[in-house]
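One structure is given below, encoded as structure tokens.
Heavy atoms only: backbone and side chains are in, while hydrogens, waters and symmetry mates are out. Just so it is clear: chains get the letters A, B, ... in the order the sequence lines come, proteins before strands, and each one is counted from 1.
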There are 2 protein chains.
Amino acid sequence: MISLYLAEDQSMLNSALTQILNLEDDLQVLGSAEDGATAWTQIQKLQPDVAILDIEMPQMTGLEVASQIQASALKTKVIILTTFAQSTYFQQAVAAKVAGYLLKDSPSDDLIAVIRQVMTGKTVYAPELVVNMVSAEHNPLTDREMAVLAEADSGLPTKQIAATLFLSEGTVRNYLSAIFSKLGVHNRLEAIQVAKKNKWMR
Amino acid sequence: MISLYLAEDQSMLNSALTQILNLEDDLQVLGSAEDGATAWTQIQKLQPDVAILDIEMPQMTGLEVASQIQASALKTKVIILTTFAQSTYFQQAVAAKVAGYLLKDSPSDDLIAVIRQVMTGKTVYAPELVVNMVSAEHNPLTDREMAVLAEADSGLPTKQIAATLFLSEGTVRNYLSAIFSKLGVHNRLEAIQVAKKNKWMR
DNA sequence: AAATAGCTGTGACATTTGTCATGTTGGTCA
DNA sequence: TGACCAACATGACAAATGTCACAGCTATTT
């Protein structure tokens with residue numbers, strides 16, 4: 001019997017998955033949560049064989065919970081279950097040594113299959129991710145440039161950006177100009193869009 | 001026996017719901033799709049008692065499918081199942097005379113309950129929506145202003161906006177200026193953010 | 001030691017953006 | 001009919017933004 005814990009903040013999916021997982025003879029859901037913090041507390045208490053974690057949840061992300069599990073050397077194996085194939089998320093997940101990474105864009109039977117596989121010691125990643133990894137454009141912007149762009153994203157004018165980052169206005173304009181030429185655009189709005197499309201910022 | 005059709009583009013949820021709905025003695029899922037277009041074709045063919053539709057789907061949104069169903073005078077009742085409580089979506093759904101509007105932020109048992117209720121002729125809306133409706137800020141921008149803002153959102157400079165909307169540059173700047181003063185901001189980026197936060201645009 | 005890359009700055013300039021006053025036209029509503 | 005508002009426009013001005021060239025400083029790499 002494989003014991004499970006499920007953390008997923010979308011109630012509809014949470015309850016539906018809990019039910020179908022419990023239908024399997026060899027699977028048992030010990031509990032479920034709709035936010036990361038309660039999930040982490042419960043996981044420590046229940047010590048399930050496998051924790052199925054969504055990434056974007058209130059209070060604590062699934063990735064944070066995964067890191068905690070790893071840091072505490074629990075025997076619990078982690079499967080990340082998320083919507084998007086963002087390579088940054090995936091990289092963090094690999095860093096936290098998760099046993100599986102599955103997209104919500106796969107049928108529920110896949111989840112069941114993955115659960116059984118990780119219990120045999122295998123590591124299972126959604127194939128979409130590996131493809132995405134290699135083809136992912138790498139961010140040409142420097143840390144400082146990203147910082148400036150992030151401020152610009154909140155709609156601040158040059159003066160405010162300069163103030164919050166302790167730079168001169170000229171420098172901020174220079175950074176923005178450099179960003180534009182690197183990204184092949186001519187204004188802040190477009191630059192932000194390109195950066196978001198490439199998942200360099202959210 | 002109540003016959004159902006399910007349109008939901010997230011496979012995980014689609015397959016999980018299909019399974020648990022089929023577990024109920026009085027419910028039967030005739031089929032399911034992951035995009036609006038196939039859903040609409042299938043619904044015409046199968047004529048289910050109830051169609052459960054996600055809104056954001058490839059090819060055709062759930063709201064479009066709902067309108068088609070209404071226009072064709074099918075006996076199929078529609079339940080919209082979606083993530084966010086956006087009042088614009090909700091209003092469109094009401095306009096399309098849907099029988100139910102449920103958030104994914106409710107457990108799957110609620111869905112089952114709602115299915116049975118709409119079959120008795122009731123109309124069921126998630127309570128969160130009614131609350132949201134009254135408290136929702138209404139959009140102070142005119143149609144034309146919205147059109148300009150939409151173009152601005154794609155990062156186009158004034159000249160391009162003017163060209164695509166067949167306006168003079170001055171008019172475009174005027175509209176933007178009017179928008180800013182209505183929204184209490186001073187640049188495009190902020191205006192777009194306010195508009196999106198208030199769900200006036202996506 | 002030299003080359004490279006990132007970080008910071010200045011100054012000057014052209015262009016774009018935002019503001020304001022003002023006007024015409026057409027539709028709606030009391 | 002008169003008041004009002006949306007749509008569209010011009011012109012003029014101030015402010016913000018974007019571009020370019022140039023330069024000094026500090027790490028890191030070769």
> Would one find a side-chain N or O of R173(B) under 4.0 angstrom from OP1 or OP2 of dT16(C)?
Replying inline: no
>> Reading DNA chain D in the 5' to 3' direction, which nucleotide is the first one with an atom under 4.0 Å from a heavy atom of chain B, and which is the last?
In response: dA6(D) to dA12(D)
> Within the side chain of N22(A), is there an N or O that forms a donor-acceptor pair under 3.5 Å with the backbone of V29(A)?
Replying inline: yes
> Can you tell which of D26(B), V114(B), I2(B), L27(B) makes a side chain to side chain contact (heavy atoms under 4.5 Å, CB included) with M119(B)?
Replying inline: I2(B)
> Which residue pairs pass the salt bridge (Lys or Arg N to Asp or Glu O under 4.0 Å) test with at least one member in residues 177-194 of chain B, sequence neighbours excluded?
Replying inline: E145(B)-K182(B)
> Closer than 4.0 Å, any side-chain N/O of T142(A) to the OP1 or OP2 of dC7(C)?
Replying inline: yes
> Below 4.5 Å, heavy atoms only, C-beta onward: do V148(B) and L165(B) meet side chain to side chain?
Replying inline: yes
> Would you say Q44(A)'s side chain and W40(A)'s backbone share a donor-acceptor pair under 3.5 angstrom?
Replying inline: yes
>> Contact list please: residues 159-170 of chain A against DNA chain C, heavy atoms, distance less than 4.0 Å, in numerical order.
In response: L167(A), S168(A), G170(A)
>> So which atom in L102(A) and which in L111(A) form the shortest heavy-atom distance, rounded to 0.1 Å?
In response: CD2-CA, 3.6 Å
> Of all residues at least two apart in sequence or in a different chain, which pass the side chain to side chain contact (heavy atoms under 4.5 Å, CB included) check with Q160(B)?
Replying inline: L156(B), P157(B)
>> Does anything in residues 148-158 of chain B come within less than 4.0 Å of DNA chain C? Heavy atoms only, and list the residues if so.
In response: P157(B), T158(B)
> Any side-chain donor paired with an acceptor under 3.5 Å for T18(A) and S15(A)?
Replying inline: no
>> Between Q10(A) and M12(A) (side chain of the first, backbone of the second, donor and acceptor by atom type, cut-off under 3.5 Å), is there such a pair?
In response: no
>> Show, in sequence, the C-alpha distance, side-chain angles and deciding distance for S11(B) and E34(B), and conclude whether the side chain to side chain donor-acceptor pair (under 3.5 Å) test is met.
In response: CA-CA 7 Å; S11(B) 306; E34(B) 304 201 349; 3.1 Å; yes
> Excluding sequence neighbours, so at least two apart, what forms salt bridge (Lys or Arg N to Asp or Glu O under 4.0 Å) with E24(B)?
Replying inline: R116(B)
>> Please report the distance, rounded to the nearest Å, between CG in L183(B) and P in dG18(C).
In response: 13 Å
Please tabulate, for the side chains in residues 69-79 of chain A, all donor-acceptor contacts under 3.5 angstrom to protein atoms that are two or more places apart in sequence or on a different chain.
| unit_1 | atom_1 | unit_2 | atom_2 | d |
| --- | --- | --- | --- | --- |
| S72(A) | OG | Q68(A) | O | 2.6 |
| K75(A) | NZ | D49(A) | OD1 | 3.2 |
| T76(A) | OG1 | P48(A) | O | 2.6 |

> Rounded to the nearest 0.5 Å, what separation is found between the CD1 atom of I80(B) and the OG1 atom of T61(B)?
Replying inline: 8.0 Å
> What residues form a side chain to side chain contact (heavy atoms under 4.5 Å, CB included) with D35(B), not counting sequence neighbours?
Replying inline: A37(B), T38(B), P58(B), Q59(B)
> Between dA5(C) atom C1' and R144(A) atom CZ, what is the distance in whole Å?
Replying inline: 16 Å
> Between residues 174-182 of chain A and DNA chain C, which residues have a heavy-atom gap below 4.0 Å?
Replying inline: N174(A), Y175(A)
> How far does the helix from dA1(C)-dT30(D) to dA30(C)-dT1(D) bend, going by the axes of its first and last five pairs, to the nearest 10°?
Replying inline: 40°
>> Between Q193(B) (side chain only) and D153(A) (backbone N and O only), is there a donor and an acceptor less than 3.5 Å apart?
In response: yes
> What string of B, S and - do you get for nucleotides 24-30 of chain C, 5' to 3', when a contact is any protein heavy atom under 4.0 Å?
Replying inline: -------
>> As a quick check of understanding, evaluate side-chain contact (heavy atoms from CB on, under 4.5 Å) for L30(B) and L4(B), giving each step before the final call.
In response: CA-CA 6 Å; L30(B) 301 181; L4(B) 306 172; over 6 Å; no
> Under the 3.5 angstrom rule, does the side chain of N14(B) hit a backbone N or O of A7(B) as a donor-acceptor pair?
Replying inline: no
>> Applying side chain to side chain contact (heavy atoms under 4.5 Å, CB included), can you list everything that pairs with A191(A), at least two apart in sequence or on another chain?
In response: L149(A), I179(A), F180(A), L183(A), V185(A)
